[in-house]
**Q** 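I have a structure here, written as structure tokens, and I will follow up with some questions on it.
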Amino acid sequence: MHYLFQSVAAILTTLAAIYFSPLNSRARFDEGGCCPVKNWEHRHEFSSSTVIRPKTLEDVVAAVNLAREQRKRVTVIGSGHSYADIAVPDNRVDGDADRSAAHSNGSLLICMRCFSGLVGVNDAKKQVTVLAGTSLEQLIEILDQHHLALDVIPTVFEPTIGGILAVGTHGCGTGHSSFASMVREIELVTPSGEVVAASPTENTDIFYGATINLGALGVLTKVTLQAGPSFNLFERAVVLQLDDALKNHERLMMESEYVKFLIEYHTGTVQVFSSNRTQAPPTPIPNRFLVDLNTYAVETLQLSTSFFPDFIPAAMRFLINQYGVFGESQRTGVWWKVLSIQERIPLHLESEFAVPFDKVPEAVETVSRIISEIGIGISVFNEVRCVSGDKFWLSNDYADRRCHVTLGLYNQDQRKAEYFGKVAERLIQIGAQPRPHWAKFYTLHETQFKTVYPKWDDFVALKRKLDPMSMFCNGYLRRIFTESKVCV
């Protein structure tokens with residue numbers, strides 16, 4: 001009876017979901033497909049007085065030299081998959097009071113999405129070199145062809161490799177770190193037009209400073225990644241009460257290679273996904289139509305209740321307790337199919353903070369209390385993923401094991417500053433040293449960055465060295481570097 005009810009409810013809500021299908025999260029691209037014109041959740045538009053779509057390294061160097069000669073600001077963009085305005089060009093016009101005299105001729109947007117493809121595979125080392133505009137989806141196809149895999153991937157396929165690195169994207173599993181931790185060499189076109197190779201043994205300051213670079217240090221053009229043999233994963237999902245999951249978070253997070261929590265705060269329910277490598281073959285793929293029906297049902301409920309936010313807690317209790325959107329399951333699949341999200345992702349806004357591993361229970365409890373205190377309805381399921389530390393200066397996971405606490409809002413933009421800002425403020429108060437995800441919404445500023453990123457001043461010094469004219473700057477970077485003034 002439960003399954004009949006679930007199926008009927010899903011079918012009835014599908015019609016409404018299809019009607020609202022344009023709200024599905026996809027970036028909008030120009031006619032050639034090389035340059036996004038809107039980001040993936042349609043909040044930001046990308047326009048510039050000059051747009052360059054490079055196909056070769058020489059094109060990139062020429063674009064940077066042109067910008068320098070014409071005194072233009074430069075912004076680099078991949079797939080437009082950031083929530084934040086990190087890739088929105090600087091379109092201030094001549095005469096703006098705060099505009100630098102060094103750059104008064106508009107902006108230049110370098111679109112990297114068509115600067116893509118395989119450079120080479122080192123079979124002996126199991127290393128893959130690709131152009132930075134290669135999407136994760138394209139990279140996975142390349143890896144599959146060579147029977148290779150990565151230990152860490154983001155959960156969505158659209159971002160380019162350069163974009164994934166620029167913002168410090170991570171995966172999950174305490175035995176793994178950020179995506180950048182698999183990088184063995186980068187190639188960077190600096191603001192002077194110089195092409196520089198960097199690795200852990202060559203130009204090490206550029207390697208550790210510019211691999212995660214926020215688009216502030218030049219154009220990342222080529223990346224060599226450490227891969228390994230392809231593998232399958234056995235994934236098990238269980239449902240726990242939030243209190244139990246937090247009480248046992250250390251054991252849960254460390255007993256499997258890949259682990260993530262999916263939290264519904266109004267019911268205090270957690271779906272725990274844990275995965276380990278297996279020699280077993282993949283299990284049959286669930287019917288795609290039925291999977292989409294379930295997703296449409298959730299999305300329709302999210303959309304309808306966003307207009308009546310007081311009903312969100314009751315709606316989420318219905319989803320969890322009656323509809324059974326969280327459930328126990330298990331499956332075996334190829335590594336990338338298990339570690340990525342295959343379903344539709346509805347439009348929503350996210351913030352995310354990396355906190356020390358032992359602060360996870362207190363951080364999540366803090367979020368739960370704030371939701372109650374300010375009376376906000378949360379219709380988005382929120383992830384917690386833990387990873388080990390790395391050596392990249394602006395990585396959320398620099399030097400220590402961190403857990404990424406995600407916050408989501410659906411169609412409630414008017415409350416984002418209140419909710420996300422209060423969470424950040426309270427995390428600071430409890431000593432959680434929150435490091436924001438660079439591609440998501442946050443209200444922190446440079447004074448706070450200096451306290452949580454030990455290499456912050458080193459990055460600022462590298463910015464001054466490589467970009468003394470502040471060519472690679474936009475509104476996002478000016479907000480970040482308000483005190484150091486390396487973007488003016």
Side-chain angles (χ1 to χ4, degrees), residues 57 60 76 78-79 81 112-113 115-173 175-189 195-204 206-213 215 217-231 233 257-258 277 334-340 387-398 439:
L57 176 61
V60 177
V76 183
S79 65
H81 207 270
M112 296 294 288
R113 193 165 181 259
F115 188 82
S116 63
L118 174 66
V119 176
V121 176
N122 186 321
D123 292 321
K125 294 183 177 180
K126 291 186 169 50
Q127 293 178 350
V128 178
T129 302
V130 294
L131 298 177
T134 304
S135 70
L136 180 61
E137 183 175 18
Q138 292 170 323
L139 176 60
I140 288 172
E141 290 176 0
I142 291 169
L143 292 166
D144 273 354
Q145 291 168 7
H146 292 84
H147 308 290
L148 296 173
L150 299 176
D151 286 336
V152 179
I153 60 168
T155 54
V156 290
F157 291 158
E158 289 85 353
T160 62
I161 302 308
I164 289 169
L165 291 172
V167 299
T169 304
H170 59 92
C172 66
H176 303 292
S177 189
S178 64
F179 189 88
S181 66
M182 299 181 298
V183 175
R184 296 298 176 263
E185 184 174 79
I186 62 170
E187 179 181 81
L188 181 76
V189 177
V195 180
V196 178
S199 71
T201 59
E202 179 186 11
N203 294 314
T204 55
I206 291 178
F207 181 72
Y208 290 113
T211 298
I212 299 175
N213 60 72
L217 300 180
V219 186
L220 197 66
T221 52
K222 191 168 64 176
V223 179
T224 297
L225 294 161
Q226 183 63 57
S230 185
F231 57 91
L233 286 171
E257 183 175 1
Y258 299 98
R277 301 186 193 220
V334 178
W335 63 280
W336 61 266
K337 290 185 178 180
V338 174
L339 295 177
S340 63
V387 297
S388 62
D390 62 32
K391 298 180 180 179
F392 298 94
W393 295 354
L394 290 194
S395 171
N396 292 162
D397 310 303
Y398 177 81

**Q** Which heavy atom of Asp390 sits nearest to which heavy atom of Ser395, and what is that distance?
**A** OD2-OG, 2.7 Å
**Q** Report yes if the side chains of Gln226 and Lys126 come closer than 4.5 Å at any heavy-atom pair, otherwise no.
**A**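 Side chain of Gln226 against side chain of Lys126, heavy atoms only: contact under 4.5 Å found.
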**Q** A side-chain contact here means heavy atoms from C-beta on lying under 4.5 Å apart; do Leu136 and Pro154 qualify?
**A**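 Yes, their side chains come closer than 4.5 Å.
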**Q** Under 3.5 Å, is there a donor-acceptor pair between the side chain of Ser177 and the main chain of Ser388?
**A** yes
**Q** For a side-chain contact (heavy atoms from CB on, under 4.5 Å) check, start with the C-alpha distance between Val60 and Val195, then their side-chain angles and the critical distance, and finish with the verdict.
**A** CA-CA 10 Å; Val60 177; Val195 180; over 6 Å; no
**Q** Please identify each residue that fulfils side-chain hydrogen bond (donor to acceptor under 3.5 Å, both in side chains) with Thr221, with sequence neighbours left out.
**A** Glu187
**Q** With Ala198, which residues qualify under side-chain contact (heavy atoms from CB on, under 4.5 Å), at least two apart?
**A** Ile186, Asn203, Ile206, Phe207
**Q** Holding to side-chain hydrogen bond (donor to acceptor under 3.5 Å, both in side chains), I want the full list of residues that pass it with Thr224, two or more places apart in sequence or in another chain.
**A**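 Residues passing side-chain hydrogen bond (donor to acceptor under 3.5 Å, both in side chains) with Thr224: Thr129.
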**Q** How about Val119 and Leu131: do any of their side-chain heavy atoms sit closer than 4.5 Å?
**A**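 Val119 vs Leu131: side chains touch.
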**Q** First locate atom OG1 of Thr211, then atom CG of Leu394, and finally report the distance between them rounded to the nearest 0.5 Å.
**A** 11.0 Å
**Q** State which residues pass side-chain contact (heavy atoms from CB on, under 4.5 Å) with Leu143; sequence neighbours excluded, sorted by chain then number.
**A** Val128, Leu139, Leu148, Leu150, Ala227, Trp335
**Q** Residues two or more places apart in sequence or in another chain: which of them pass ring pair (Phe, Tyr, Trp, His ring centres under 6.0 Å) with Phe179?
**A** none
**Q** For Phe231 versus Ala149, what's the shortest heavy-atom pair and its separation?
**A** CE2-CB, 3.7 Å
**Q** Phe392 vs Tyr208 aromatic rings, parallel, tilted or perpendicular, using cut-offs 30° and 60°?
**A**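 Aromatic pair Phe392/Tyr208 classed tilted.
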**Q** Less than 4.5 Å apart, any side-chain heavy atom of Gln145 and any of Val121?
**A**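 Not touching, per the 4.5 Å side-chain cut-off.
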**Q** Would a 4.5 Å heavy-atom cut-off, applied to side chains only, mark Ile161 and Gln138 as touching?
**A**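 A side-chain contact under 4.5 Å is absent here.
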**Q** State the CD-CG distance between Glu141 and Leu118, to the nearest 0.5 angstrom.
**A** 12.0 Å
**Q** Distance check, rounded to the nearest 0.5 Å: Ile212 atom CD1 versus Ser178 atom OG?
**A**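 Here the rounded value is 5.0 Å.
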**Q** Going from CD1 on Ile164 to CG on Leu220, what distance comes out if it is rounded to the nearest 0.5 angstrom?
**A** 11.5 Å
**Q** What distance separates Glu137 CD from Ser340 OG, expressed to the nearest 0.5 Å?
**A**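 It is 10.0 Å, given to the nearest 0.5 Å.
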**Q** Test your reading of the model: is there a side-chain donor-acceptor pair from His176 to the backbone of Cys172, 3.5 Å cut-off?
**A** no
**Q** Quick check: closest heavy atoms across Gly133 and Thr160, and the distance to 0.1 Å?
**A** O-CG2, 3.4 Å
**Q** From Ser79 OG over to Phe157 CZ, what is the distance, rounded to the nearest 0.5 angstrom?
**A** 13.5 Å
**Q** Going by the salt bridge (charged side-chain N to carboxylate O under 4.0 Å, His left out) test, which pairs reach into residues 175-185, not counting sequence neighbours?
**A**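 As it turns out, there is no salt bridge (charged side-chain N to carboxylate O under 4.0 Å, His left out) pair with a partner in residues 175-185 once direct neighbours are skipped.
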**Q** Who pairs with Asp151 by side-chain hydrogen bond (donor to acceptor under 3.5 Å, both in side chains), at least two apart in sequence or on another chain?
**A** Arg277
**Q** Using every non-hydrogen atom in the two residues, find where Ala210 and Leu188 come nearest and quote the distance to one decimal.
**A** CB-CD2, 4.0 Å
**Q** Kindly write out the residues that satisfy side-chain hydrogen bond (donor to acceptor under 3.5 Å, both in side chains) with Asn122, not counting sequence neighbours, or none if the list is empty.
**A** none
